[in-house]
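Working notes for the structure below.
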Amino acid sequence: MKVLGIETTCDETAAAVVTVDYDGRAGILSNEVFSQIADHAAYGGVVPEIAARAHVEVLDRIITRALAKAGVSLEAIDAVAAAAGPGLIGGVLVGLTTAKAIALVTGKPLIAVNHLEGHALTARMTNHVQFPYLLLLVSGGHTQLLAVKGVGDYLRLGTTLDDAVGEAFDKTAKLLGLGYPGGPAVEHEAESGDPQRFRLPRPMVGRPDSNFSLSGLKTAVRLEAQKIAPLSNRDVADLCAGFQAAIVDIVADRTRSALWAFQGFVGRPSAVVVAGGVAANQALRDALERVAREAGLPLVAPPVAYCGDNAAMIAWAGLERFRLGMTDDLGFVARPRWPLDERQAKKAENGQSGGK
Ligand code: KG4
Ligand code: ZN
């Protein structure tokens with residue numbers, strides 16, 4: 001079984017071909033990613049209109065390259081999967097419409113994949129993790145703790161009430177005059193900084209729920225920076241180290257809390273899994289390793305290339321759905337918002353608990 005995957009929900013144009021063997025182990029035959037970071041860097045963030053146009057310009061070439069690297073023709077593909085949301089609607093439309101056109105012309109089934117399900121199932125592709133497991137999804141747009149019980153079966157245990165973790169890294173980097181994306185820049189500065197110099201808050205730590213709130217931390221960094229401006233290189237490094245240490249403490253505490261909730265609602269997880277672009281952060285990985293070890297569980301952190309946005313994860317999520325007989329019709333409408341746990345998200349919208 002071979003599935004072509006297409007990813008265009010943010011600033012990466014990506015296509016991949018993924019297969020599976022009889023034991024259920026994935027084979028990534030190709031994984032092409034064209035990053036638009038350079039197009040957006042001057043604006044300090046992703047500009048939706050620029051992103052959509054850039055996807056249109058390169059997607060056909062990226063798909064051709066993914067097929068060529070995998071050594072397969074379109075006719076040899078069993079299904080085509082595209083991320084159909086959540087994300088920037090212009091980009092999502094480019095990828096989904098392209099997938100529909102391929103499905104129509106080749107007569108192959110279409111699978112409309114939730115981008116978040118792509119992140120959620122990545123550890124099954126890279127590490128063959130078994131259900132159920134606790135997932136910490138930390139990216140530029142999302143911060144969630146989820147019980148992953150099966151394909152399409154998620155219980156959201158925690159979410160952010162304001163900024164996503166990656167967003168907090170990006171905003172802090174911008175404030176300190178570092179480049180975009182901010183995560184890698186802040187991590188790099190933090191390596192030579194003193195995490196103790198500034199006393200930064202750790203909002204939500206110790207609370208019995210598993211939610212996050214990061215805007216207060218971001219504001220605290222801004223106020224400290226204003227107090228000592230103009231900033232020396234040493235100041236920037238110390239602020240980055242302090243910020244990263246606070247984030248790591250918060251994420252570790254919230255993950256511990258979610259593990260408790262998981263055991264109450266679902267039972268014993270097979271692993272703690274981390275996904276999303278922020279999972280590239282080594283300090284965060286080390287802290288999660290300790291949290292998992294305390295609970296007697298393995299930490300599964302997929303290789304960095306599969307943590308950030310990529311199309312292999314979309315192809316794999318498509319493959320998981322396809323082998324369960326879950327396909328979509330060509331009328332599937334792109335979804336700018338598409339929570340994995342629709343029930344919890346509805347509750348939040350009705351004001352029973354917060355979060356995006
Ligand atoms: O998953 P992703 O590639 O895109 C989505 O947001 O869906 O995640 C990108 C985010 C950005 O906010 C970026 O700053 C953050 O991941 N990031 C990091 C690191 N590498 C990327 N954050 C902290 N430390 C890193 N090393
Ligand atoms: Zn993502």
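Ligands are counted one by one from 1 in listed order, and the atoms in each one are counted from 1 as well.
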- prompt: Between K100 and L110, does a side chain to side chain contact (heavy atoms under 4.5 Å, CB included) hold up when you go through it step by step?
  reply: CA-CA 7 Å; K100 286 178 180 176; L110 170 78; 3.9 Å; yes

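An N or O contact shorter than 3.5 Å links G277 to ligand 1 by distance. Checked by distance only, ligand 1 and G183 come closer than 3.5 Å through their nitrogen or oxygen atoms.
Distance check for C10 against the Zn ion (ligand 2): none of its N/O/S atoms falls below 2.8 Å. Under 2.8 Å from the Zn ion (ligand 2) lies an N/O/S atom of H115, whether from backbone or side chain.
A salt bridge is absent between R53 and E57; no separation between the charged side-chain nitrogens and carboxylate oxygens falls under 4.0 Å. The existence of a salt bridge linking D286 and R290 is excluded, since no basic side-chain nitrogen approaches an acidic carboxylate oxygen closer than 4.0 Å. Between R25 and D23 there is no salt bridge, since none of the side-chain N atoms of the basic residue sits less than 4.0 Å from a carboxylate O of the acidic one. A salt bridge does not link R156 to D341: none of the charged nitrogens lies less than 4.0 Å from a carboxylate oxygen. The residues E289 and R285 are annotated as not salt-bridged, no charged nitrogen and carboxylate oxygen being separated by less than 4.0 angstrom.
The ligand atoms of ligand 1 that sit less than 4.0 angstrom from a heavy atom of G308 are 1 (O), 3 (O). Close contacts of ligand 1 with G166, meaning ligand atoms under 4.0 Å from a residue heavy atom, involve 12 (O). Proximity to H119 (heavy-atom distance under 4.0 Å) selects the following atoms of ligand 1: 1 (O). Heavy-atom contacts of G182 reach the following atoms of ligand 1: 14 (O) (cutoff under 4.0 Å).
Counting only distance, with no hydrogens or angles, the side chain of D163 and the backbone of L214 share no donor-acceptor pair below 3.5 Å. At distances below 3.5 Å, at least one donor-acceptor pair connects side-chain atoms of T8 with backbone N or O atoms of G95.
Take the N/O/S atoms of D309: the one nearest the Zn ion (ligand 2) is OD1.
Using a non-hydrogen distance threshold of 4.0 Å, H142 does not register as a contact of ligand 1. Residue C10 places every heavy atom at 4.0 Å or more from ligand 1.
Considering each of V138, D170, L116, the one bringing a non-hydrogen atom nearest atom 13 (C) of ligand 1 is D170. The closest non-hydrogen atom to atom 9 (C) of ligand 1, taken over G140, G141, G276, comes from G140.
Less than 6.0 angstrom separates the ring centroid of F169 from the ring centroid of F243.
In terms of protein heavy-atom proximity, atom 26 (N) of ligand 1 is nearest to E187 OE1, 2.7 Å. Of all protein heavy atoms, the one lying nearest to atom 4 (O) of ligand 1 is D309 OD2, 3.3 Å. The nearest protein atom to atom 24 (N) of ligand 1, hydrogens excluded, is given as N281 ND2, 3.0 Å; this is a heavy-atom distance. For atom 15 (C) of ligand 1, the closest non-hydrogen atom of the protein is V278 CG2, 3.8 Å.
A 6.0 Å sphere centred on CZ of R268 holds more than 12 heavy atoms belonging to other residues, nucleotides or ligands.
Of the listed residues (D162, L145, V138), just one forms a side-chain contact (heavy atoms from CB on, under 4.5 Å) with F212, and that residue is L145.
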